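Counting convention: from 1, in listed order, for ligands and their atoms alike. Since we're looking at a predicted model, the values are computed, not measured.
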Amino acid sequence: MTSPDEAKVKIEKLRAEINHHNQRYYVLDSPEISDAEYDDLMRELKQLEEQYPQFLTPDSPTQRVGAAPLEAFGVVEHPQPLLSLGNVFSQDELLTWYTRTSRLAGDTPFDFVGEHKIDGLAVALTYADGQLATGATRGDGFRGENITHNLRTIRSIPLSVPRGAPPRFEVRGEVYLSRTGFQKLNQERAAEGLSLFANPRNAAAGSVRQLDSRITARRPLDIIIYMLGWAEGKATPDTHWETMEYLKSLGFKVNPNNRRLKNIEEVEEFYKTWKEQREGLQYEADGIVIKINQLNLHAELGNIGHEPRWAIAYKFPAVQGTTILRDIGISVGRTGTLNPYAILEPVSVGGVTIKQAALHNEDDIRRKDIRIGDTVIIQRAGEVIPEVVGPIASKRKGKEKEFSLLKKLPRNDKGQPACPECGGEAIKPEGEVMYYCSNAACPAQAQQRIEHFTSRGAMDIRGIGENLSATLFKEGLVRDAADLYYLRKEQLTNLEKMGEKSAENIINAINKTRERPLARVLFALGIRHVGVEMAEVLAGKYHSIDDLAKASRDELMEISAVGPTIADSITAFFRQDDNLNIIRKLKEAGVKLEEKAARPSDLPLSGKEFVITGRMEAFSRQEAEARINELGGAAKDNVTRQTDYVVVGADPGSKLARAQELGITVLDEKELIKLLRKDVV
Ligand code: IVH
């Protein structure tokens, strides 16, 4: 038995811990523990607070929904708070919820709607007079972040609804990244040397909370609407099921897997079915949500704290396991990063045997205090590479060893730390968390660069995967990516297990890629810190590789998305003779390295220059400028004779006078919105 004093200490400790994890999860999009572990902490705290209500305080993490919104975005007040959901983890707990709910419902009969609990990010979309007016995150439930500009880029969110919809209403739903979209994004980030998103939810959250909506627009985000928040000026249906049908008729994307469930037995069936089949879904679901169908009962049952009594999340068991961390190995990445990875005592997790797992970087290992010999929790989410969540410190025997990458690296003749593959010097640039192999000719890197060049997001040469890239490199047929275009069929048929037909297919596949867009080529070249998105920005600006190669560091940094690290990396790339040689060979092989102005001139604002002055009401200047760019226009700082429109907000500066002097068309914010919405000039 815990004494009240002990309980108080424990409660405070749990609160501090949960607050820390809330900050990591909601504000920094970078959690340190798995959802299952977080749920356990929450559950323990809730139980203690129920047992010792004298210690319950309004600021306890059990009393709030999330963390405060980030200030960088405007704040949106939710007229009706966005609630959270209570969780159950077993059939027993589900029945307890059901019994209590039935008792409270008294004689009123009810049934349920079963839905998937999609692992993404909750958003509220408000429509006014038929148009999407604001889109916001949940924030702390009462106030969220205004992310309208980003949500507008999600194709499945209708920007307008048909006549006959309520004059004002709000729908709520989950924004998510598909499993494949998530994998692709992480692959790109790995290629850029960026930290990886731990799961699709963090990736979705990171994507909608971009300040630059062009970045959001390139992420394959989707939404599923799961409830009507509120509606004014028109009656809406009496049941949740019919409301969802109604929302479907207004053009919202509602989950086709939703089911009407007559009784608690059917709820259990629904749970069992999806527990087995969830891996086949396009999105990650961490459980099901059971909602009482009759909306009048929602009002009657009300909430406990921030959790409605009329709904419950029935969570799937996490795909986690524990095993022993035997050792930490080091692999060499394409850009020379020396990556630590876990070598595990093989263990079966959710039916898959796992021997190795990701460990991200040394700082991460230290922060999580992972030691060699530890019993560790590993987690597998969908197709993603399994990762080490953290150690179970209580299982330590005292013989576990802390890991030091520096100590683990071999030494070269001069006693310097060296690359485990080629012996080149290993260096750690200031301010970075990774060690790199500094040898540009490191074969391990070269081989991976070739593989990257052929990969899907890059040149997408079908038929050349990891294995064939390695063979071609080892046989000396391909020393760098450009050599691919000089391969001859006979060279391929000389390889083991390579028939005439396959060789021909490969040569054809290579030939087809000579016309790939410039952005693809730039990404494929594997310039450090230049991922798919950055490659598109660069191609859009320079239109030819030669012009990009000539750009100075300062010139590059004039692009808003380019900072010093990227600018340095690009200029360094084009200074290296090996790289210039590859570019020359590509050019000689007929690979297209330039293109006409990337923006098609038929975009609605093509060729138009805008200057914005004064404060806008509906969006920030950055949002307005991003939208102008999206539609092909250019947003400039100064009014000149070339300026087509000056947009004037509140308290405009001298730019308005200058515009009038030059006789330039002046728009107010409403007129700008019209222009941006209607997509016509
Ligand atoms: S209903 C009061 N339905 O789960 C009702 N939520 O833990 C709350 N979620 O914030 C929302 N799928 O982000 C509902 N089918 C679904 C859901 C769902 C995912 C998320 C949502 C919510 C969180 C609550």
Side-chain angles (χ1 to χ4, degrees), residues 18 22 25-26 29 35-36 38-39 42-43 46 61-67 69 78 80-89 97 101 112-125 135-145 147 151 170-177 199-202 204-205 208-209 221-230 240-241 243-244 247-248 252-261 267 270-271 274 278 281-293 295 297-299 301-316:
I18 292 169
N22 275 345
Y25 180 108
Y26 289 108
D29 292 334
D35 288 2
Y38 179 86
D39 287 341
M42 252 331 209
R43 206 139 48 121
K46 267 192 204 167
T62 56
Q63 303 302 301
R64 51 188 271 152
V65 182
H78 299 304
Q80 288 191 27
L82 267 71
L83 299 174
S84 184
L85 283 171
N87 292 317
V88 295
F89 296 85
W97 171 78
T101 315
F112 307 93
V113 176
E115 302 176 0
H116 292 157
K117 185 163 192 295
I118 299 169
D119 207 5
L121 170 95
V123 298
L125 308 171
T137 63
R138 182 172 67 171
D140 63 7
F142 300 99
R143 303 165 80 232
E145 294 150 351
I147 50 163
L151 293 180
E170 181 216 73
V171 292
R172 297 176 181 177
E174 198 82 350
V175 170
Y176 65 93
L177 264 173
N199 52 44
R201 184 201 42 248
N202 293 324
V208 295
R209 294 163 93 217
L221 291 164
D222 209 334
I223 193 168
I224 281 195
I225 298 299
Y226 56 60
M227 70 183 273
L228 176 67
W230 48 266
H240 178 63
W241 181 265
T243 308
M244 298 318 286
L247 291 181
K248 230 190 278 175
F252 291 99
K253 186 164 166 188
V254 170
N255 199 335
N257 295 312
N258 291 356
R259 287 289 175 274
R260 213 170 347 176
L261 306 168
V267 169
F270 185 74
Y271 175 80
W274 288 110
R278 65 164 152 158
L281 292 168
Q282 257 309 302
Y283 45 77
E284 286 210 355
D286 56 351
I288 59 166
V289 182
I290 296 302
K291 297 176 181 173
I292 289 186
N293 193 18
L295 297 177
L297 266 181
H298 290 198
L301 291 170
N303 311 327
I304 337 173
H306 294 277
E307 293 167 4
R309 288 198 181 83
W310 49 263
I312 194 85
Y314 188 0
K315 292 281 203 85
F316 296 136

Undergrad: Just let me know how Tyr283 lines up against ligand 1, side chain, backbone, both or neither, with a heavy-atom cut-off below 4.0 Å.
TA: neither
Undergrad: Decide, yes or no, whether a salt bridge links Arg201 with Asp286 under the criterion of side-chain N to carboxylate O below 4.0 Å.
TA: no
Undergrad: Closer than 4.0 angstrom, basic N to acidic O: yes or no for Lys291 and Glu115?
TA: yes
Undergrad: Can you list the ligand 1 atoms lying under 4.0 Å from a non-hydrogen atom of Glu115?
TA: 3 (N), 15 (N), 16 (C)
Undergrad: Say whether Arg172 and ligand 1 are in contact under the criterion: heavy-atom distance to a ligand atom below 4.0 Å.
TA: no
Undergrad: Is the closest heavy atom of Glu307 to ligand 1 under 4.0 Å?
TA: no
Undergrad: Examine distances only and state if a side-chain atom of Ser84 and a backbone atom of His306 form a donor-acceptor pair shorter than 3.5 Å.
TA: no
Undergrad: Within the structure provided, determine whether Ile312 and Leu85 are in side-chain contact (heavy-atom separation under 4.5 Å).
TA: no
Undergrad: Which of the atoms in ligand 1, numbered in the order shown and given with their element, are less than 4.0 Å from a heavy-atom of Glu174?
TA: 9 (N), 13 (O), 19 (C), 20 (C), 21 (C)
Undergrad: Suppose I only count heavy atoms of Leu83 and a 4.0 Å limit; which atoms of ligand 1 are within that range?
TA: 2 (C), 8 (C)
Undergrad: List every atom of ligand 1 that sits less than 4.0 Å from any heavy atom of Arg138, numbering the atoms from 1 in the order shown and giving each element.
TA: 10 (O)
Undergrad: Of the backbone atoms (N, CA, C, O) and the side-chain heavy atoms from C-beta on, which set of Val289 has a member under 4.0 Å from an atom of ligand 1: side chain, backbone, both, or neither?
TA: side chain
Undergrad: Has ligand 1 got any nitrogen or oxygen that is less than 3.5 angstrom from a nitrogen or oxygen of Pro308?
TA: no
Undergrad: What I'd like to find out is whether the side chain of Leu295 reaches to under 4.5 Å of the side chain of Trp310, using heavy atoms alone.
TA: no
Undergrad: Can you sort out which atoms of ligand 1 are near Ala122, meaning under 4.0 Å from one of its heavy atoms?
TA: 10 (O), 13 (O)
Undergrad: Less than 6.0 angstrom separating the ring centers of His240 and Tyr226, yes or no?
TA: no
Undergrad: What class does the angle between the rings of Trp97 and Phe112 fall in, given that below 30° is parallel, 30 to 60° is tilted and above 60° is perpendicular?
TA: tilted
